[in-house]
2 protein chains.
Amino acid sequence: MDKKYTIKDIAKLAGVSKGTVDRVLHKRGKVSPAALDKVNEVLKVIDYEPNLIARNLKNNKIYRICILLPDPEIDPYWRPCLNGIDDAVKEFKAYNLVIETFYFNPEKKKSFLKTNEAVLKLSPDAVLLAPLFHKETVDVIEKYHSLNIIVNTFNNQVESSFVKSFVGQDLFRSGRVAAKLIDSITGNGQIAIVHIDETYKNAIHMQEKERGFRTYFDEKENSAYTITTLKLKNPNVEISFNTFLNENPEVTGIFVTTSKAYQIAKIISDFKSKKIRVVGYDLIDENVTYLNQGVIDFMIHQNQKRQAYLGITSLVEHFLFQKEIPEMILLPIDIVNAENAEYYMV
Amino acid sequence: MDKKYTIKDIAKLAGVSKGTVDRVLHKRGKVSPAALDKVNEVLKVIDYEPNLIARNLKNNKIYRICILLPDPEIDPYWRPCLNGIDDAVKEFKAYNLVIETFYFNPEKKKSFLKTNEAVLKLSPDAVLLAPLFHKETVDVIEKYHSLNIIVNTFNNQVESSFVKSFVGQDLFRSGRVAAKLIDSITGNGQIAIVHIDETYKNAIHMQEKERGFRTYFDEKENSAYTITTLKLKNPNVEISFNTFLNENPEVTGIFVTTSKAYQIAKIISDFKSKKIRVVGYDLIDENVTYLNQGVIDFMIHQNQKRQAYLGITSLVEHFLFQKEIPEMILLPIDIVNAENAEYYMV
DNA sequence: AAACAAAGTGTGTTCGAGCACATTTATTGT
DNA sequence: ACAATAAATGTGCTCGAACACACTTTGTTT
């Protein structure tokens, strides 16, 4: 009674051949009403699940998945993705899959385009894309789509009906989470939203986070805060921010919208004054150091590793087990302090 | 060149039959040194990965996994586990697996023992166990082991060399995380550690959390806190705790070590005084309500759903793909506030 | 040198789904 | 009524690993 039913079982029960059962199951037609009824009758009673293993053995096509992301040597933000990719590769290495990773220079559109061309030459079955340059991305996605190549994106969202799936975080919401954290640990005073320019980075990222952050305080009744937005650019971050701190002694909290919270932390830890609380993004080493020192209070974890991993697995499971690819996977917005950080690292 | 090598390929390359290759790969002996060399030579050059799909098709044994946990009707803490089990069942329903769930009454040892007997009768290949009663658990684990049934545990740790794997959280560490949170949001004053007795619950749970919590403050230099431990029992929680609050006006923070933070939250929200911060465990509805109202500041998420899910998947992957079962899977200690709670629920 | 055992090697079948193709049955036109 | 054609149905092979079993070669004993 535990046994899983096979096509053969159904055939026997229905008094037809496995070919007929197969045609019914796949709606391939060429089945008489009588036979159709008999098979459906059996299917109604038993609980048939095709054996995915057997199905897959037969279909031994090799699927090629290409992943495009910025070179982690240039921007370490992307390093955790490699672990996610690695996990997926290990998990699926016994299947007929080729998973290849390609880096581009996140500061150069040309590099992005060239990498995409190289990928196109391989005519993969799917690409997983970290879409940095908006216009260019839309173009390449259209190209992929016209060649019947599935496009999944992660980390950055891009408006295109040709994108099959997005894996990432709700940035607006993550801004709200940061706001709640700042609210919890300060209580009042002046708050600075700090955008540290990373030249190439899609400004929409930071804007969404700011919008979420401000919305939280807008909704809060009799809020005892004033909020200031600061746009800083390297290499002037230190000077500009020091000036700001001197001119605004009421600052109690700082929200850094990029991975560069450590730059602010460095300045603050030198700055002798009453405690200023800091919330930032991403568990890169420099940030964790200041988190452990108590200069940064909370980090929000964007889980790039899992983003990459889930981006791949949804494709693999689609190809191997014809699972549907979810249109959007929103990862939890993980709150990290000095005590739970290690669980989220690598 | 992308093609995966098969045993047949190796046989052809080595100039032997697939039977010989098979014997070499499985070290079944009965291979001449000459043939062995030839095959090994080929294996050295190419990168052979046996096709797990084919391997599995052949070995079509049905594996039975039984899961034992407290009845969620009696203790809703366990409800999320059902979702995790459900996910796993759905994911693997196409394989030769039977996954069965059994509930016991967490207040009655007898129920636990009886459920285990019922499971034993089914002679499963593995059981996944939420071990509540220490002595009884050790006994049944030994019994399972003697019958060659793999035992995985989750949520509660139990000392037994016969346990193959544990999935859960580091409770000591989670106490530290709570301490850091309280420290972040209060800064000084009196802190109460509140154990709300859940009669049957393994006291070790709460003790470990308290130990971690206190250790954090012990390590902190010139800490401006005093810490008091309170053991409350229903139905006297309300009276006792009100008395405590009246006698201790300096209380700034409360750490509730069980899922019952909402009981404390209820009392505090009626208690007109300066803000008292609360950190508790588990995203049950009552807690989330107070989290959204701002009475509870942070919850620590124990991710029962994922515990159950990972407990099952590690077994399934062991049976199906002979993956090793990790001895211990420690889940991250998720920090939850009102803004990110929804991502961790269900 | 024959007889026999032991060691080594190859062949063929199985697992379940899927599909091509062969075969049988039903339907149409003349 | 009998081809001719269409529709329905069944058979048999494939995928790759695993293993039973049959077969061949080598070695040992008398």
Side-chain angles (χ1 to χ4, degrees), chain A residues 2-40 42-43 46-63 92-97 319-323, chain B residues 2-40 42-43 46-63 92-97 319-323:
Chain A
D2 278 345
K3 190 178 170 305
K4 289 273 196 293
Y5 286 100
T6 70
I7 284 193
K8 230 163 114 185
D9 295 328
I10 299 172
K12 197 183 283 176
L13 286 168
V16 296
S17 75
K18 69 195 183 85
T20 303
V21 175
D22 181 70
R23 278 182 287 268
V24 172
L25 287 171
H26 292 87
K27 301 194 171 64
R28 274 197 249 279
K30 309 203 172 185
V31 176
S32 69
L36 185 71
D37 278 356
K38 280 192 288 183
V39 173
N40 279 331
V42 175
L43 287 177
I46 67 152
D47 182 26
Y48 174 69
E49 280 291 336
N51 184 326
L52 293 187
I53 291 174
R55 171 180 291 176
N56 227 274
L57 180 60
K58 186 67 209 307
N59 168 29
N60 62 340
K61 165 168 167 43
I62 294 175
Y63 294 96
F92 298 118
K93 71 162 178 267
Y95 298 87
N96 284 328
L97 286 171
F319 289 134
L320 256 42
F321 309 118
Q322 23 290 134
K323 284 208 183 140
Chain B
D2 277 345
K3 190 180 170 304
K4 290 271 195 296
Y5 287 97
T6 70
I7 285 192
K8 228 164 116 186
D9 296 328
I10 299 172
K12 196 183 283 179
L13 287 167
V16 296
S17 75
K18 68 198 180 89
T20 302
V21 175
D22 181 70
R23 278 182 287 268
V24 172
L25 288 172
H26 292 84
K27 299 193 173 63
R28 274 197 251 278
K30 309 205 171 182
V31 176
S32 70
L36 186 69
D37 277 357
K38 282 192 286 182
V39 174
N40 278 331
V42 174
L43 287 177
I46 68 154
D47 181 28
Y48 174 70
E49 281 290 336
N51 184 326
L52 292 186
I53 292 174
R55 170 180 292 176
N56 226 275
L57 180 60
K58 187 66 211 306
N59 167 29
N60 64 339
K61 166 169 166 42
I62 293 175
Y63 295 97
F92 299 117
K93 68 163 179 264
Y95 299 87
N96 284 327
L97 286 171
F319 289 134
L320 255 42
F321 309 118
Q322 20 295 132
K323 285 209 180 139

Tell me: [atom1] of [X] to [atom2] of [N], nearest whole Å?
X: B:Arg28; N: D:dA17; atom1: CZ; atom2: P; result: 13 Å
X: A:Lys61; N: C:dG18; atom1: NZ; atom2: C1'; result: 17 Å
X: A:Tyr95; N: D:dA17; atom1: OH; atom2: P; result: 13 Å
X: B:His26; N: D:dA17; atom1: NE2; atom2: C1'; result: 7 Å
X: A:Asp9; N: C:dC15; atom1: CG; atom2: C1'; result: 13 Å
X: A:Tyr5; N: C:dC15; atom1: OH; atom2: P; result: 18 Å
X: A:Asn56; N: C:dC19; atom1: CG; atom2: P; result: 13 Å
X: B:Tyr48; N: D:dA17; atom1: OH; atom2: C1'; result: 7 Å

For [X], which contact category applies under a 4.0 Å heavy-atom criterion: base, sugar-phosphate, or nothing?
X: B:Arg23; value: base
X: B:Leu57; value: base
X: B:Asn51; value: sugar-phosphate

Distance criterion of 3.5 Å, no angle test: do you see the side chain of A:Lys18 paired donor-to-acceptor with the base of D:dG12? yes
Is there a donor-acceptor pair under 3.5 Å between the side chain of A:Asp9 and the backbone N or O of A:Thr6? yes
Check whether A:Lys12 reaches the backbone of A:Lys18 with its side chain - one donor and one acceptor, N or O, closer than 3.5 Å. no
Short side-chain N/O contact from [X] to OP1 or OP2 of [N], under 4.0 Å:
X: B:Thr20; N: C:dG8; value: no
X: A:Arg55; N: C:dG16; value: no
X: A:Ser32; N: D:dA7; value: no

Here's one to test your reading of the geometry: is the NZ or CZ of B:Lys93 within 45 degrees of the ring axis of B:Tyr95 and under 6.0 Å from its centre? no
Of the listed nucleotides [options], the one nearest the side chain of [X]:
X: B:Thr6; options: C:dT9, D:dA17, D:dT9; value: D:dA17
X: B:Lys30; options: D:dT14, D:dA18, C:dG8; value: C:dG8
X: A:Ala54; options: C:dG16, C:dC19, C:dG8; value: C:dG16
X: A:Val16; options: D:dA17, D:dC15, D:dG10; value: D:dG10

Comparing nearest nucleotides in DNA chain C, the 5'-proximal residue of the pair B:Lys58, B:Ala35 is B:Ala35
By nearest-nucleotide position on DNA chain C, the 5'-leaning member of B:Ala34 and A:Ile7 is B:Ala34
Should we count NZ of B:Lys61 as having more than 12 external heavy atoms under 6.0 Å? yes
Is it the case that atom OH in B:Tyr48 sees more than 12 heavy atoms from other parts of the structure closer than 6.0 Å? yes
If you round to the nearest 0.5 Å, how far is CG of B:Leu52 from CG of A:Asn56? 11.5 Å
